[in-house]
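Encoded as structure tokens, the structure appears first; notes follow it.
What you see below is based on every heavy atom in this structure, not just the backbone, and it leaves out hydrogens, waters and symmetry mates. Start at 1 and go down the list; that is how both ligands and their atoms are numbered.
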Amino acid sequence: MNYQVDEKGYYGRFGGAYIPEILHQCVEDLQNTYLKVLESDSFKKEYHSLLRDYVGRPSPLYFAKRLSEKYGCKIFLKREDLNHTGAHKINNTIGQILIARSMGKTRIIAETGAGQHGVATATVCARMNMPCVVYMGKTDVERQRPNVEKMQMLGATVVPVLSGNMTLKDATNEAIRDWCCHPSDTYYVIGSIVGPHPYPDMVARLQSVISEEIKWQLEEKAGRDYPDYLMACVGGGSNAAGTIYHYLNDERVRIVLAEAAGEGIFSGKSAATIHLGREGIIHGARTLVMQNEDGQIEEPYSISAGLDYPGIGPIHANLLETKRAEFFAVNDQEAMDAVFELTRSEGIIPALESAHVLGVLPKIKFKPEDIVVLTVSGRGDKDMETYLSFCGE
Ligand SMILES: *Cc1c(COP(=O)(O)O)cnc(C)c1O
């Protein structure tokens, strides 16, 4: 079984590039360019030197002793929270900005939910001296203040989006609209493994540095280069794709992914796309989409701004279809409990998104010899307001 993208841009039935005519040329240019750039020596050299000296990679693989004792297995945390700008997002934006430059683009746009991708994009734009416009739903602008302030300080223009739920889906629509108006000079830095081909594959490759490091770090720490379980949370699915990339065809490794159930899968306030979604097209890709009978996209909800997206990366839709991965839905309360558990047992305050995969630990029966690698996709600084108000409740 091959779980990677095929030459037409599909993972099984999912993926492809369903785009308006006006974007055909620039999407085709990107399709024809990205692998050449990613595989060139000059790109690899610059990308890896930036990952080391600017991002702070390799990110540690940390043996979480007290968490392991609690769940009766050996839990290693992949610490993407320690990256520059506080999450895995920078692995992707560093790579895409180099691709944009090599294509001669002069203006950068991005969408953001929690603001992590916006900050990561504004950061690399500041470093490359490129103008940057970030679209962000007004709801998210309000609940993720610190990240909005960071983007502005970095010199980016943050545009609050007033349509729909005023969250990530609406910000993405607005970014695509902008791109349609400026296809020749503008590069759209997408923040997850969503959007038309080649974005899902390109972003997965850029995030695959995570599993590349897990291999040698695990060999060093546990004496074998594969775990029994790989675990990650899924919004669009990029930190998860990076975590599993080099293990997809290794059937010894169980893949366990977590999505956001909000107030409960069937509560009407949820972002559990894998559990609720039906096949459809969103933002240029065929995948699972939360939609009503008429094919209208349902508004997703999660306490975590980075997970409330009504679609999912096509690679994950295919992992569900082929049963290669198991998916759990974790609700707001379970995620919040997991935040406090990790904080009080290991002294690590995780991002709310990452807490959703921590919330799966109580749902699995592990064996003492099981080796579990769980990706902590980001740190909790941006979520402090939510955490504190929750304590006070
Ligand atoms: C954006 C974000 C996510 C969700 O995005 P994926 O593409 O699914 O990885 C998860 N965790 C953090 C900390 C994020 O910032």
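- Ligand 1 is approached by K89 to a heavy-atom distance shorter than 4.0 Å.
- Cluster annotation: F327 is not connected to L307 through the hydrophobic network of ILVMFWY side chains, with a link wherever side-chain heavy atoms come within less than 4.5 Å.
- Polar contact with ligand 1: present for G237 (N/O pair, distance under 3.5 Å).
- For A240, the closest heavy-atom approach to ligand 1 does not fall below 4.0 Å.
- When hydrogens are left out, the protein atom nearest atom 6 (P) of ligand 1 is S238 N, 3.3 Å; that is the closest non-hydrogen contact.
- Of the heavy atoms in N239, both backbone and side-chain atoms come closer than 4.0 Å to ligand 1.
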Let me have the donor-acceptor pairs involving side chains of residues 349-363, under 3.5 Å, with sequence neighbours excluded, atom names and distances please.
unit_1: E353; atom_1: OE1; unit_2: K382; atom_2: NZ; d: 2.8
unit_1: E353; atom_1: OE2; unit_2: S304; atom_2: OG; d: 3.3
unit_1: E353; atom_1: OE2; unit_2: G306; atom_2: N; d: 2.9
unit_1: E353; atom_1: OE2; unit_2: K382; atom_2: NZ; d: 3.3
unit_1: S354; atom_1: OG; unit_2: S377; atom_2: N; d: 3.1
unit_1: S354; atom_1: OG; unit_2: S377; atom_2: OG; d: 2.7
unit_1: S354; atom_1: OG; unit_2: G378; atom_2: N; d: 3.1
unit_1: H356; atom_1: ND1; unit_2: L352; atom_2: O; d: 2.9
unit_1: K363; atom_1: NZ; unit_2: E334; atom_2: OE1; d: 3.4
unit_1: K363; atom_1: NZ; unit_2: E334; atom_2: OE2; d: 3.0

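- Between E174 and R177 the shortest side-chain heavy-atom distance falls below 4.5 Å.
- Listed by chain and residue number, nothing satisfies the salt bridge (charged side-chain N to carboxylate O under 4.0 Å, His left out) test with E298 (two or more places apart in sequence, or in another chain).
- Not a single heavy atom of E80 lies less than 4.0 angstrom from ligand 1.
- Residue contacts with ligand 1: K382 is placed with no nitrogen or oxygen under 3.5 Å of a nitrogen or oxygen of the ligand (distance criterion only).
- Ligand 1 has C233 within reach: a non-hydrogen atom of the residue lies less than 4.0 Å from it.
- Annotation for E149: atom CD counts as buried by contact number, over 12 foreign heavy atoms lying within 6.0 Å.
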